[in-house]
Amino acid sequence: MVDTGTVRDQHETGVTHQTGDAPVPRRPRVAAVLPWIYRFRIEMILILVLGGLALATGMTQAPLVDWDEATYAEVAHEAIANHSYLDLTWNGQAYVKKPPLLFWALIGSFKAFGESEFAARLPSVAAGLATLLLIYLTAAGVAGRLAGTLAALVPLQFYFFIARGGRDCATDAPLLLFLTLALYAILRAREDRKFCALAGVASGLAILSKGLAGIIPLIIAPVAVLLLPGFEVVGIAGLTVIFGCAVAVAAPWYLYEALRNPLFWTSFVHHETLARVTGHLEDETHPGWYTLHGFWKEAHFLWPLILPTVALAVVMVRRRTLQGALSYSARRLRSINPAVALWVVWLAVTLAAAGAVQTKLPWYILPAFVPTALLAGTLAARALEYRGPMSGVVTGMGALALVLMLIHAPVRWHAIALTYHRERLRSRPSYAMGLKARRAAALLGGGRLYFAGIELPTLVYYSEMHVEFIKAPGGLEPITDPDTGELPPLDSNDLALLDPQGDLVPIANLGREWYISGPRTP
């Protein structure tokens, strides 16, 4: 009698037996390998490789730049040194200008890998790569894998995505990641309302990344539920979950600072939030249209997508009379894909928010790049995969659009690299001064640093010392020598060390360093 268990084991292990003991290996299932490779989504490896090349370039290079990189790294450094992870400081003074999420990520990176430029930039690079993968998953879930791949590669030609969205140690990278995750979850909540909790948690983390900018999903979610077909299934109950989870994640830190730190109200609430919304804090003010101008400068390389768009419009008109085409267009707009409608609302809200804020720093348009990439990738894939009337024309226009963008890509990447290099050169003088001050302090047995000028975070970070900044036009309040009650006799932009014996030792002058190692280097 045949042992059925043995036969089942032989079938599952892929080995059969003839009479006797000699095993005969089963023929490998080559046909089963190809579907596995297809399911593996190898294009995600391409996205990670290209994204890594774009975002991780120069990841280990010094210096951490003024103002954001060196500021945030110094806050994390002092948190570790003081064993204080809620009451943060910069240059020995209380610091509540930004929410804490990036600082907590930096602290974890420093503890895991040691304090270095690599460790300081690692959280932002990881957040940028994760954002690209989320863009892929969002577009692929709606329009297929080709759309996901193209959409994920679009941001690699946005300067501010490269610089602020991943390469630099900045709060923008985690903000963009959690905004994208929140909107991805809102889209998935149409199928499974459990994603409402993920949308809420992601929104709370976005708020902990960059404050008021993190509420964008909390604006878009009610608009989608109330106005966009397909999202009514989320309902009031789903919105309650989204808002409840966001509050549960973000509120504890805000309550802690509001109750324990008076500087929270004057620095974070008034100066960093309300004043930015209602006033011009930058040195050079900009008109209201500056936001759209900046967005066009970043996104103009997508203009070839007009070609397949026109081709698709011609197909629609040729199949109908003009009146019928207009009627058909109206019906199509009413029946637009809910995901595409959400992306359009997302784009409109982010551009409107950036335009409404009176402090018009150019990277405030960064959250608008994600829906732009989703729409562009989906449109390109739609043209390439079109199989209706005039398919040759539509597909040809789609292919031509991609070729034109690929031809332009090296020029765009060169311009991004050149701009990024010039921005980094601006921090080399204060970096060089910080290293000189550290060496002088080591030789003289310590002391106090004085700089006659504005705050230079790179100087603070690389000197590894507390720096007293003497008032300059538009700078800080006068700071006196604690022993004499008088200002050290320094000229503008002088850096000096007051050694333990009370002697003032000149270190460097920022103006001279600017010509030695800065952007004006001969």
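- Between Tyr431 and Leu459 the shortest side-chain heavy-atom distance does not fall below 4.5 Å.
- In this structure, the side chains of Arg167 and Val125 stay at 4.5 Å or more apart for every pair of heavy atoms.
- For the pair Val234/Cys196, a side-chain contact is recorded, criterion being any heavy-atom separation below 4.5 Å from C-beta on.
- Proximity of Glu69 to Arg121: side-chain heavy atoms (C-beta onward) are separated by under 4.5 Å at one or more points.
- Between His408 atom NE2 and Leu302 atom CG the span is 9.5 Å, to the nearest 0.5 Å.
- Here the straight-line distance linking atom CG of Leu48 with atom CG of Leu132 works out to 8.0 Å at 0.5 Å rounding.
- Going from atom CG of Leu218 over to atom CD1 of Ile186 covers 7.5 Å, rounded to the nearest 0.5 Å.
- Ion pairing between Arg424 and Asp168 holds under the 4.0 Å rule for side-chain N and carboxylate O.
- With salt bridges taken as basic N to acidic carboxylate O contacts below 4.0 Å, none links Glu272 and Lys210.
- When every heavy atom of Ala356 is checked against every heavy atom of Gln358, the shortest pair comes out as O-NE2, 3.1 Å.
- Taking the side chain as every heavy atom from C-beta outward, Val154 and Met405 never approach each other to under 4.5 Å.
- Leu375 places a side-chain heavy atom less than 4.5 Å from the side chain of Val344.
- Aromatic ring centroids of Tyr85 and Phe103 lie 6.0 Å or more apart.
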- Message: Run Tyr256 and Asp87 through side chain to side chain donor-acceptor pair (under 3.5 Å) and show every step you take.
- Response: CA-CA 10 Å; Tyr256 176 86; Asp87 300 314; 3.1 Å; yes
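- No hydrogens or angles considered: a donor-acceptor pair under 3.5 Å links the side chains of Glu468 and His466.
- Leu351 contributes atom CG, which lies 12.5 Å from atom CH2 of Trp346 (distance to the nearest 0.5 angstrom).
- Glu74 and Tyr462 form no side-chain donor-acceptor contact under 3.5 Å, judged by distance and modelled atom types alone.
- In this structure, Thr419 OG1 and Ile162 CD1 are separated by 12.0 Å, a value rounded to the nearest 0.5 Å.
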- Item | Glu232 vs Arg190, salt bridge (charged side-chain N to carboxylate O under 4.0 Å, His left out): CA-CA, chis, key distance, verdict | CA-CA 8 Å; Glu232 64 276 359; Arg190 295 178 303 129; over 6 Å; no
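- Contact detail for Ala120 and Leu106: the closest heavy-atom pair is O-CD2, 3.0 Å.
- With values rounded to the nearest 0.5 angstrom, Ser203 atom OG is found 8.0 Å from Phe243 atom CZ.
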- Intermediate values then yes/no, side chain to side chain donor-acceptor pair (under 3.5 Å), Tyr386 and Arg382: CA-CA 6 Å; Tyr386 178 75; Arg382 172 78 171 86; over 6 Å; no
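- Residues Phe264 and His270 are not in side-chain contact: their nearest non-hydrogen atoms beyond the backbone lie 4.5 Å or more apart.
- Tested against Pro362, the residues Tyr159, Phe160, Phe295 include a single side-chain contact (heavy atoms from CB on, under 4.5 Å) partner, Phe160.
- Here the side chains of Ile454 and Trp67 are in contact, with some heavy-atom distance below 4.5 Å.
- Aromatic pair Phe301/Phe158: ring centres closer than 6.0 Å.
- Residues Glu78 and Thr89 bring a donor and an acceptor atom of their side chains to less than 3.5 Å of each other.
- Side-chain contact, Tyr136 with Glu43: a donor N or O sits under 3.5 Å from an acceptor N or O.
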